[in-house]
Visitor: 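Take a look at this one; I'll ask things after.
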Amino acid sequence: MKKELPEHFREYRHVWVFMELERGQVHPVSFELLGEGRRLADQLGVQLAGAVLGPPGEATSHAVTEAFAYGADLVYLLETPLLTDYRNEPFTKALTDLVVTYKPEILLLGATTLGRDLAGSVATTLLTGLTADCTELDVDTDGSLAATRPTFGGSLLCTIYTLNCRPQMATVRPRVMRMPLRTNKPVGRVIRHDLPMVEEEIATKVLGFLSDGKSETANLAYADVVVAGGLGLGAAENMRLLKNLARTIGGEYGCSRPLVQKGWMPVDRQIGQTGKTIRPKLYIAAGISGAIQHRVGVEGADLILAVNTDPNAPIFEFAHLGVVADAIGLLPALTEVFSRRLAPSRRVKLVT
Amino acid sequence: MHIVVCIKQVPDSAQIRVHPVTNTIMRQGVPTIINPYDLFALEEALKLRDSHGGKVTVLTMGPAMAEEALRKSLTYGADGAVLLTDRCFAGSDTLATSFALSKAIAKIGDAFGTPDIVFTGKQTIDGDTAQVGPGIAKRLNFRQLTYVAKITSIDLASRAITVERRSEGGTQILNSRLPCLITMLEGVNAIRRGSLDDALRAACSEIVKWNAADAGIEEITKCGLRGSPTVVKRVFAPTPRAQSAVQIETSDKTLRHVADEVVASILTQQPALELALSSNLA
């Protein structure tokens, strides 16, 4: 199946991670990818680089520092006001130019709205392969990237190779890979590059940004504790049971796909293959049957508690703790026990 | 205004089963549907046509049976439908698919009027890649507006469009130029029922069927498996977890007692949680 790589691709070396920087913040998925990229680069015996694209200023410098702190050997930096807010046109040109000039063999991006928008354009411009939403990355014996991703709604996994084209591109969703440890590694080699483009060439302008606001933000992907509900909750008004428990233990709440389809919860609360991937310390699944689409979104949790009236529900096959009970009754009981149990240490904390 | 909507006929993923021995997808008896995300794109296109005039052409690439999805689109009110079907497209990855579709869109432009907007859904429920839309945009050199929640305004005279685009942590308000490619977010509208007239028209409408040559595709090597840089090497089922859940017994106990046991068990298995949860509260 594999042919000799065409001559002009043989000089492609090194692993790159696109550092996603939007409105001054590096998306944590970039650090998760640096962790994964470090492993791949070590296996290949090549260097790991971060590609930082942003406006001149503190936020971009910070992204450079953080790329090194999370494992990069060097950083390719493209700093221009044209890259202040994300727009497809300048970002596609910037990343494509960097790749064509410095030739990485592997390029990883987060499967966020920004990353997916950008990756699709860059891969098509370069006429190379792109594998979406990978859950596992590896290096084959001959040095090729083996990218594994769920297919058919998560019911199967497939391993995909990019043959005869470079770079080999992949996106990975937030929270699929483990967050690596941050070190105090000093800033190393930074290679600056220019973007030969002027504002007038860019048709798309950003007129404004409506932030979700802190209170409304569903920070599901990065929450330590998540309480989620499924069809077993029976009615829209029972969503408050979830919210009560989540608030009591300081967690986020979410749901499985059917609840979004019923309109009981907004889509940004959806957990699973087409929703968010989560990696909490504790995940409580209330009235969720545990279809494979849901499983792929939650199996990174340290501890999964499943509550379902059906003892044969598939969720019990991957939960760590199971209770065959009606979640509508058990959720309030759990809320009460948790608040009682956690109250003493809370008082201690307030005193000290 | 001419709008092209790219749709895909997909197996209803909720009903897909995997063969327990061969680990292959059992497609027999699995109903096919129009990719649900594409319906939001189609509805948005129909709404724009209703308010600005013009027409909506629906395009799909697939086997002969994908004609059903196109006919369904006509019953919703689309004005025309093109099926791009040729054995040489078999095995196309997203790069090869975007090549074939962009060629067909260019040909649709020649035959029925240059499109001002190409719509797709945000992704399909079978591939889930969200890559074909951006691929088409790049190949046609159209402006790319992904994850669009709302089209705020269109000015056909000045070729300007303003949209609300979902991004991480908020909504971007973007102004761009036509022609553009828009991938529509879910839940932003609901597909119409379609009138009796539409249903009658759909029943007797001709679906345009193009093979590669009809669509003006000469570079067959850019299609199908040969045109696909990505290759699926292995398909396998996820490994089941070694152990299933530790069950908490519930018979003869009040819910309060069950809850006590559950919480005790959680904190025994993950002692660090007690502190974490308490500090979450603080």
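Convention: sequence-line order gives letters A, B, ...; per-chain numbering from 1.
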Visitor: Mind ranking B:S265, B:G187, B:G133 by heavy-atom pairs under 4.5 Å with chain A and telling me who comes out on top?
Guide: B:S265
Visitor: For the CG atom of B:L277 and the CG atom of A:L282, what is their distance to the nearest 0.5 Å?
Guide: 6.5 Å
Visitor: Against chain A, label B:T162 side chain, backbone, both or neither, depending on which of its atoms sit under 4.5 Å from a heavy atom there.
Guide: side chain
Visitor: Given the options A:K281, A:Q25, A:R149, which has more heavy-atom pairs under 4.5 Å with chain B than any of the others?
Guide: A:R149
Visitor: By salt bridge (Lys or Arg N to Asp or Glu O under 4.0 Å), which residues pair with A:D133, not counting sequence neighbours?
Guide: A:R116, A:R173
Visitor: Report the option among A:V296, A:V307, A:T162 that has the most heavy-atom pairs separated by less than 4.5 Å from atoms of chain B.
Guide: A:T162
Visitor: Can you find a pair of side-chain heavy atoms, one from A:H320 and one from B:V246, that are under 4.5 Å apart?
Guide: no
Visitor: Counting heavy-atom pairs under 4.5 Å to chain B, which of A:L114, A:L118, A:T112 comes out on top?
Guide: A:T112
Visitor: Is any side-chain heavy atom of A:T124 closer than 4.5 Å to a side-chain heavy atom of B:F99?
Guide: no
Visitor: Between B:G135, B:P36, B:A130, who has the most heavy-atom pairs with chain A when the cutoff is under 4.5 Å?
Guide: B:G135
Visitor: List the residues meeting ring pair (Phe, Tyr, Trp, His ring centres under 6.0 Å) with B:Y37, not counting sequence neighbours, and say none if there are none.
Guide: none
Visitor: Any side-chain heavy atom of A:Y161 within less than 4.5 Å of one from B:V232?
Guide: no
Visitor: Are the side chains of A:R23 and B:S167 in touch, meaning some heavy atoms are under 4.5 Å apart?
Guide: yes
Visitor: Flag the one option from B:L273, B:T183, B:N175 with the top tally of heavy-atom pairs under 4.5 Å to chain A.
Guide: B:N175
Visitor: Let's test your reading of the structure: which of B:A137, B:S228, B:P134 forms the most heavy-atom pairs below 4.5 Å with chain A?
Guide: B:P134
Visitor: Check each atom of B:L255 against the heavy atoms of chain A and say whether the ones under 4.5 Å are side chain, backbone, both or neither.
Guide: both
Visitor: Strictly by modelled atom types, are B:Q172 and A:D85 linked by a side-chain donor-acceptor pair under 3.5 Å?
Guide: no
Visitor: How long is the span from the CG atom in B:L174 to the CZ atom in A:R87, to the nearest 0.5 Å?
Guide: 9.0 Å
Visitor: Drop me the distance from B:Q144's CD to A:D117's CG, to the nearest 0.5 angstrom.
Guide: 4.5 Å
Visitor: Within the structure provided, determine whether A:L321 and B:Q247 are in side-chain contact (heavy-atom separation under 4.5 Å).
Guide: no
Visitor: Sort out for me which of B:L95, B:V132, B:V262 touches chain A most, counting heavy-atom pairs under 4.5 Å.
Guide: B:L95
Visitor: Out of curiosity, A:S121 OG to B:Q131 CD, how far, rounded to the nearest 0.5 Å?
Guide: 10.5 Å
Visitor: Is any side-chain heavy atom of B:Q269 closer than 4.5 Å to a side-chain heavy atom of A:D302?
Guide: no
Visitor: About how many Å separate CG of A:L210 and CD1 of B:I173, when rounded to the nearest 0.5 Å?
Guide: 4.0 Å
Visitor: Please state whether the side chain, the backbone, both or neither of B:D260 comes within less than 4.5 Å of a heavy atom of chain A.
Guide: both
Visitor: With only heavy atoms counted, which part of B:E261 is less than 4.5 Å from chain A, the side chain, the backbone, both or neither?
Guide: neither
Visitor: Atom CD of B:E186 and atom OG1 of A:T274: how far apart are they, to the nearest 0.5 Å?
Guide: 8.0 Å
Visitor: Can any side-chain N or O of A:E89 pair as donor or acceptor with the backbone N or O of B:R143 at less than 3.5 Å?
Guide: no
Visitor: Just by distance, no angles: are the side chains of B:E168 and A:H27 close enough, under 3.5 Å, to form a donor-acceptor pair?
Guide: yes
Visitor: Sort A:E299 into side chain, backbone, both or neither according to what part of it lies under 4.5 angstrom from a heavy atom of chain B.
Guide: neither
Visitor: Between A:A203, A:C158, A:A306, which residue shows the highest count of heavy-atom pairs closer than 4.5 Å to chain B?
Guide: A:A203
Visitor: Need one label for B:E249: side chain, backbone, both or neither, based on atoms under 4.5 Å from any heavy atom in chain A.
Guide: neither
Visitor: Looking at B:I136, B:T129, B:L145, which makes the most heavy-atom pairs under 4.5 Å with chain A?
Guide: B:T129
Visitor: Does either side chain, that of A:Q273 or that of B:D128, offer a donor lying less than 3.5 Å from an acceptor on the other one?
Guide: yes
Visitor: Pick from A:I292, A:V324, A:I304: which one has the most heavy-atom pairs with chain B under 4.5 Å?
Guide: A:V324
Visitor: Contact part of B:T250 toward chain A, heavy-atom cut-off under 4.5 Å: side chain, backbone, both or neither?
Guide: side chain
Visitor: Answer with side chain, backbone, both or neither: which region of B:R165 has an atom nearer than 4.5 Å to a non-hydrogen atom of chain A?
Guide: side chain
Visitor: State, with a plain yes or no, whether a side-chain heavy atom of B:K233 is found less than 4.5 Å away from one of A:T148.
Guide: no
Visitor: Minimum heavy-atom separation for B:P229 and A:C165, please, with both atom names.
Guide: CB-SG, 3.8 Å
Visitor: So which part of B:L267 gets closer than 4.5 Å to some heavy atom of chain A, the side chain, the backbone, both or neither?
Guide: side chain
Visitor: Can you find a pair of side-chain heavy atoms, one from B:V263 and one from A:L334, that are under 4.5 Å apart?
Guide: yes
